[in-house]
Amino acid sequence: MKVEQISVFLENKAGRLAEVSSILAEAGVNIRALSLADTSDFGVLRLIVNDNKKAEESLKSHGFTVGKTDVVAVEVEDKPGGLHKILDLLYKKGINVEYMYAFVQPSGNNAVMIFRFDHLDEAVKILEENGVTVINGSKVYTL
Amino acid sequence: MIYDMEFETLPREALEAIQLRRLQATLDRVYATVPFYRNRFKEAGIMPGDIKSLKDLKLIPFTTKQDLRDNYPFGMFAVPMDNVVRIHASSGTTGQATVVGYTARDINTWAELMARALVAGGASRGDIIHNAYGYGLFTGGLGVHYGAEKLGASVIPVSGGNTKRQIVLMKDFKPTILTSTPSYALHLAEAAEEMGISFHDLNFKFGIFGAEPWSENMRLEIERKLHLTAVDIYGLSEVIGPGVSIECHEAKNGLHIFEDHFIPEIIDPATEEVLPYGQTGELVFTSITKEAFPVIRYRTRDVTSLHPEPCKCGRTMIRMKKVSGRTDDMLIIRGVNVFPSQIESVLMEINEIEPYYQLVLDREGNLDTLTVLVEVGERLFSDEVKRLQELERKIAKNIKEYLGVSADVKLVEPKAIARSEGKAVRVVDKRKI
Ligand SMILES: [Zn+2]
């Protein structure tokens, strides 16, 4: 049920983001989703890609610090209130969402969101019990 | 085990009585026999007889490395050359070499201290000591050698170099104690691996390493690769050579200084004021038993602190922290003395590994600013921005707490900090004074 996400430490300097995408393109890695969280000094780039191993190796060989985290890909009904329903459910069960971002590609008629939880297994269980579709890793990488 | 049960476990009061008696005798002698000291004392307006307690030591002027150079080669000797049986000299890579001499009694004192040190480091009579310190003008090789013989251990005087042959001897002679510089120990480990020999199959129990600064991290690496317990030994030829202080293998936490022969002080290198126990500053030594080459308040330029708390090994001799740097590296930031090594300790406490960091000093208006750049490696990294911000705050808070200066901490990418010969450039001072 888990999806492996790659994260990269970036200084807030012009051109760093472009450098990451060009390194990945050169390595033949496809970016499926991405989000950048930044402060005035630095940022953390989070990526879902089609080939984690290749992505990690190519970035490390260019001197980037790369981390790996398990996240969850969730189908969100593509209509008003779709996301709210999920967040409300998690909130009521006391699950913290550390961050989330959208997937480019839809899954069928539904949008896909990436979630980072403090308690991942518990979160997945609650979502599934409440009829929310959690997409498994292998499918996400190739969506 | 303790080699000299009587002296190494002296109660404080008895030790201080011995120190004062020996100090007074030393001052009388240098005043009478070394023109340099006589002139210095006169300039300061003091006589040896003015020193009535150990507290009075601070009235006496310091001696520096430059003073030794100015009196090259034998000007600081306190006995006629007839009585000098050994001469050692430092390499003198920057400027003139410093030359030191020993009487027969000094050689015996040194051997006694080295025997004490070897035992503190885990050795006993039955051990075979592989001594890979260089023999020659450098004090390391012969210092350990005489101590090992005094102890009654079997010493292999292998000296430095010819590493492959050393590995063969280790296999054949099965030594149990290794003495060398820490960097040579790691070199031996590498060479053994290339030869297909594992230190796990050798017989080493303890390693006694010194003559260069080394970190806790390096200790862990040596202990893992060489499969032994590693302790730190400290000394400098100006004071006597190796055997001034040693970590006991029981605690491996600070080096016991043989205070019945050397009186240590910690001073603020800028103001030259004596600092209380626990505070970090420059280590200063006065020898109180040496005949040929006594040193009075000799400034070592090594940075450490003194800790009088009792040790589990039973020795009562005060402990100095592992030397963490040189006073030459000291920075004065808004009037506060800061050693880059102190910031390194703060970072290591948080990270448990030595990070690459750089201190950038600048001036805004009339105020010094300190920015600490820290490279974010995998151990520090988190996918959550708030954790990285917490890390920045924690580093800044600890620096403020331990060093008393405010710092702006900035996380940077790996390799963002300039390297010189593989080592990070620690300090960039942009202040225009
Ligand atoms: Zn001890």
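On a predicted model such as this, the values are computed, not experimentally measured, just so you know. Chain letters run A, B, ... following the sequence lines, proteins first and then strands; every chain starts at 1.
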Counting only heavy atoms not in A:Lys125, do more than 12 sit closer than 6.0 Å to its NZ atom? no
Euclidean distance, A:Lys68 NZ relative to B:Asp383 CG, rounded to 0.5 Å: 13.0 Å
Taking NZ in A:Lys93 as the centre, count heavy atoms belonging to other residues, nucleotides or ligands within less than 6.0 Å. Is the count above 12? no
The residue among B:Leu411, B:Val385, B:Leu388 that forms side-chain contact (heavy atoms from CB on, under 4.5 Å) with A:Thr39 is B:Val385
Between B:Glu384, B:Gln389, B:Glu392, B:Glu375, who has the most heavy-atom pairs with chain A when the cutoff is under 4.5 Å? B:Glu384
Is it the case that over 12 heavy atoms from other parts of the model lie below 6.0 angstrom from the CD atom of B:Glu193? no
Is the number of heavy atoms from other residues, nucleotides or ligands under 6.0 Å of B:His200 NE2 greater than 12? yes
Can you say whether A:Glu98 sits under 4.5 Å from chain B via the side chain, the backbone, both, or neither, judging by heavy atoms? side chain
Salt bridge or not between A:Lys13 and B:Glu413? Use side-chain N to carboxylate O under 4.0 Å. no
If you count heavy-atom pairs within less than 4.5 Å of chain B, which of A:Val8, A:Ile6, A:Asp38 leads? A:Val8
What are the residues of residues 40-66 of chain A, in order of number, with any heavy atom under 4.5 angstrom from a heavy atom of chain B? A:Asp41, A:Phe42, A:Val44, A:Arg46, A:Lys60, A:Gly63, A:Phe64, A:Thr65, A:Val66
State whether the number of non-hydrogen atoms from other residues, nucleotides or ligands found under 6.0 Å of B:Asp328 atom CG is greater than 12. yes
Mark yes when over 12 heavy atoms from residues, nucleotides or ligands other than B:His307 sit less than 6.0 Å from its NE2; otherwise mark no. yes
Using a cut-off of 6.0 Å, state whether more than 12 heavy atoms not belonging to A:Glu129 lie near its atom CD. yes
